[in-house]
There are 2 protein chains.
Amino acid sequence: MPLQFKTPDAQPIDPRIERLVNDLIGRIADKWTMLILELLAQQGEMRFTQIGRAVEGISQKMLTQTLRQMERDGLVQRTVHPVVPPKVEYRLTDLGLTLGEAFCGVWLWAETHLDRIEAARAAFDARA
Amino acid sequence: MPLQFKTPDAQPIDPRIERLVNDLIGRIADKWTMLILELLAQQGEMRFTQIGRAVEGISQKMLTQTLRQMERDGLVQRTVHPVVPPKVEYRLTDLGLTLGEAFCGVWLWAETHLDRIEAARAAFDARA
DNA sequence: AATTATACTTACCCAAAAGAGAGTGACATG
DNA sequence: CATGTCACTCTCTTTTGGGTAAGTATAATT
């Protein structure tokens, strides 16, 4: 029988909360979500294609999908203006804004430690 | 021709940095990485199977893979004790620790706003 | 002589995620 | 009358993520 990883030997904090938080982190800690969050945090209100152009490499499908998820989670507010051609605007809710602020530290970290990471990688690859 | 998302119309901050940071975020904003980071931040040094038991649902494969990546990025230090049976210990580097701190805000946020998110979801699903 | 323990690696496979590309509706403009 | 715009949606294919199971090495235990 192979290893199984079933019974934890660390202290169980509060399994219910723990699971929910991990679940939430898993959903929010997603590349596109973080990128869009950053963008909207600094740009305010934006339209669909505007976001698409700004977030490099995202496909229409992922854009819609991510935006919908964020809307469902209460992070963005979606405003449809009933005009032709359609005009839909996205902006962070206050909940989204607070998440943006929480992520701020991560961005700063990334910017700050970019070269250390690249150096670490180079070193690692050289060793291997 | 469908939409293309090529030319940004927002101000280009510094495309090189921007790309690198996004890239980095993309690699770090991964479920397992974040979970292991959290774990090591609060537990200090841990062995392979210990981590495996503590991180619920992770398979050996993903554990090794994630740990290797983190090592490569300079986030964890891997110490092999040449004994039999093998003993390998993992701990965060100072770089890893700072990242853990940066993420701390996100965890707090998740814990704090859990119910608002669940409420938002319920409301959204009710509307649809 | 067989089993146990640890920290893996390798091979195989499947399902889910993501990308590419075309299509839609309704009006405005050339 | 054709073309373009916007915010999508739909379908198809490719890529990736990740699970399962087995194998490896070595020494101590039974």
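Computed from a predicted structure; not experimentally measured.
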Quick one: A/Asp30 CG to C/dA17 C1', roughly how many Å, whole number?
11 Å
Salt bridge (Lys or Arg N to Asp or Glu O under 4.0 Å) partners of A/Glu101, counting only residues at least two apart:
none
C/dA7 phosphate, OP1 or OP2, under 4.0 Å from B/Arg47 side-chain N/O:
yes
Show me the protein contacts with nucleotides 9-12 of chain C, counting only N or O atoms at under 3.5 Å.
unit_1 : atom_1 : unit_2  : atom_2 : d
C/dT9  : OP1    : B/Arg68 : NH2    : 3.1

Look at A/Thr49 and D/dA7 and indicate whether a side-chain polar atom (N or O) is within less than 4.0 Å of OP1 or OP2.
yes
Taking side-chain contact (heavy atoms from CB on, under 4.5 Å) as the test, write out the residues that go with B/Arg121, two or more places apart.
A/Leu24, A/Arg27, A/Arg72, A/Asp73, B/Ile117
Taking OH from A/Tyr90 and P from D/dC6, how many angstroms apart are they, rounded to a whole number?
14 Å
Would you say B/Ser59 reaches D/dG19's phosphate, i.e. side-chain N/O to OP1/OP2 under 4.0 Å?
yes
Are B/Phe124 and A/Val76 co-members of a hydrophobic cluster defined by side-chain heavy atoms under 4.5 Å apart?
no
Protein-nucleotide distance (A/Lys31, atom NZ; D/dG17, atom C1'), rounded to Å
15 Å
Could you list all the ring pair (Phe, Tyr, Trp, His ring centres under 6.0 Å) pairs where at least one residue sits in residues 72-111 of chain A, not counting sequence neighbours?
A/Trp109-A/His113
If you compare all heavy atoms of B/Thr33 against all heavy atoms of B/Asp30, which two are closest, and at what distance to 0.1 Å?
OG1-OD2, 2.6 Å
Whole-Å distance separating the CD atom of B/Gln69 from the C1' atom of D/dG18:
13 Å
How would you list, by chain and number, every residue that makes a side chain to side chain donor-acceptor pair (under 3.5 Å) with B/Thr93, sequence neighbours excluded?
none
Shared hydrophobic cluster for B/Val80 and B/Met46 (ILVMFWY, side-chain gaps under 4.5 Å)
yes
Using a cut-off of strictly less than 4.0 Å between a heavy atom of the residue and any atom of DNA chain D, enumerate the qualifying residues of residues 71-89 of chain B by number.
B/Val84
Provide, to the nearest angstrom, the distance between the CD1 atom belonging to A/Ile58 and the C1' atom belonging to D/dC8.
14 Å
Shortest non-hydrogen contact from A/Gln60 toward A/Phe48:
O-CZ, 4.2 Å
Whole-Å distance, A/Ile51 CD1 to D/dA7 P, equals 9 Å
Is there side-chain contact between A/Leu99 and A/Leu75, with heavy atoms separated by less than 4.5 Å?
yes
Return the value, rounded to whole Å, for the distance between atom CE of A/Met62 and atom P of C/dG21.
18 Å
